[in-house]
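Quantities reported herein were computed from a predicted structural model and do not represent experimental measurements. These values consider heavy atoms only, across backbone and side chains, with no hydrogens, waters or symmetry-generated copies. Lettering of chains follows the sequences in order, A, B, ..., and the numbering in each one begins at 1.
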Amino acid sequence: MTRQKKLSQNFYSRNVITVAKELLGKTIVRKYGSSILSGMIVEVEAYDGSVDRAAHTFNGKTKRNEVMFEQGGLLYVYFTYGVHFCCNVVTGKAGLGNAVLIRAVEPLEGIDIMAKNRFNKTDLTESEKINLANGPGKICRAFNIDRRHNGVNLTGSEIFLLYNKKIPKSDIAVTTRIGIKKSVDLPWRFYIKNNKFISKK
DNA sequence: ATCAAGATTACCT
DNA sequence: GGTAATCTTGATA
């Protein structure tokens with residue numbers, strides 16, 4: 001795992017759609033006390049506040065979305081439905097209001113800890129293993145990510161991403177996004193074809 | 001002050 | 001497939 005190189009500032013400073021597609025196959029790592037939690041990103045969605053009515057940043061800066069207006073490479077964590085946290089990778093230059101929502105992860109390391117965080121037990125059934133982090137709220141629960149992590153710099157050592165696989169274009173599925181009511185036709189959801197840890201077909 | 005909506009999930013029938 | 005859970009924020013008065 002530590003063989004892979006950490007993604008640097010340059011990776012995040014690019015266009016949100018480009019970064020979204022390239023995030024597929026990368027590893028998200030969270031230092032968790034003396035342990036490591038990690039997983040491969042298998043599904044994402046892009047949000048671009050300049051044209052996208054579904055983006056939190058479409059109507060300008062507020063207390064809630066200020067991190068999303070910062071430079072690329074920060075983590076934007078928000079709370080929704082009174083229940084769940086979701087985490088996003090901020091992209092582009094400061095002021096843009098662009099970010100990529102991480103929607104599903106295939107667990108790699110620290111699976112017992114994730115199992116504890118999600119189900120408060122360790123011996124999971126096959127279906128529970130697949131359900132560990134196959135949705136934005138589930139990821140944050142499994143990785144124990146919450147409002148404390150809003151604004152964390154991903155080039156730091158607490159939460160970061162590693163190069164892993166580069167997913168070829170032919171293996172990336174493109175669809176409309178899930179769970180939104182505005183700008184519903186933008187084809188900005190991307191996932192790895194035939195991966196079983198996708199949130200939804 | 002009040003209020004509606006929300007990048008979801010789990011559990012029900 | 002339907003819906004309750006649960007609370008923060010941002011808009012409007």
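At the heavy-atom level, Arg177(A) lies nowhere under 4.0 Å from the strands shown. In this structure, Tyr81(A) reaches the bases: a heavy-atom distance under 4.0 Å links it to at least one base atom across the strands shown.
Within the structure, no pair that satisfies the side-chain hydrogen bond (donor to acceptor under 3.5 Å, both in side chains) test touches residues 81-98 of chain A, not counting sequence neighbours.
Rounded to an integer number of Å, the gap from His56(A) NE2 to dT9(C) P is 12 Å. What separates NZ of Lys63(A) from P of dT8(C) is a distance of 15 Å, to the nearest Å. When rounded to the nearest whole Å, the span between CG of Asn65(A) and C1' of dA11(C) equals 14 Å. Atom NZ of Lys61(A) and atom P of dT9(C) are 17 Å apart (whole Å). Atom CD1 in Ile180(A) sits about 9 Å away from atom P in dT8(B), given to the nearest Å. Across the protein-nucleic acid pair, Ile178(A) atom CD1 and dT9(B) atom P stand 9 Å apart, rounded to whole Å. At whole-Å resolution of the value, CG in Asn150(A) and C1' in dT8(C) are 13 Å apart. Atoms NZ (Lys182(A)) and P (dG6(B)) sit 6 Å apart, rounded to a whole Å.
Residue Lys181(A) has its side chain nearest to dG6(B) when only dT9(B), dG6(B), dC7(C) are considered. With distances taken from any side-chain atom of Phe79(A) to the nucleotides dT8(C), dT8(B), dT6(C), the minimum falls on dT8(C).
Along DNA chain B, the nucleotide nearest Asn131(A) and the nucleotide nearest Asp52(A) are compared for position; the residue whose nucleotide lies closer to the 5' end is Asp52(A).
Side-chain contact check for Arg118(A) versus Lys138(A): some heavy-atom pair is nearer than 4.5 Å.
In this model, the phosphate group of dG6(B) is not approached by any side-chain N or O of Arg64(A) to a distance below 4.0 Å at OP1 or OP2. Contact annotation: Lys138(A) side-chain N/O to dT9(B) OP1/OP2 distance is not under 4.0 Å. An OP1 or OP2 oxygen of dA10(B) is reached within less than 4.0 angstrom by a side-chain nitrogen or oxygen of Arg118(A). Between Thr80(A) and dT8(B) there is no side-chain polar atom (N or O) within less than 4.0 angstrom of OP1 or OP2.
Figure legend. dT12(C) is base-paired to dA1(B); pairs are counted as Watson-Crick or G-U wobble with both atom distances under 3.5 Å.
Closest of all the heavy-atom pairs between Lys129(A) and Phe197(A) is O-CE2, 3.9 Å.
Taking the charged nitrogens against the carboxylate oxygens, Arg103(A) and Glu45(A) do have a contact shorter than 4.0 Å, which makes a salt bridge.
Test Val105(A), Val42(A), Ile178(A) against Ser199(A) for side-chain contact (heavy atoms from CB on, under 4.5 Å) and you get one pass: Ile178(A).
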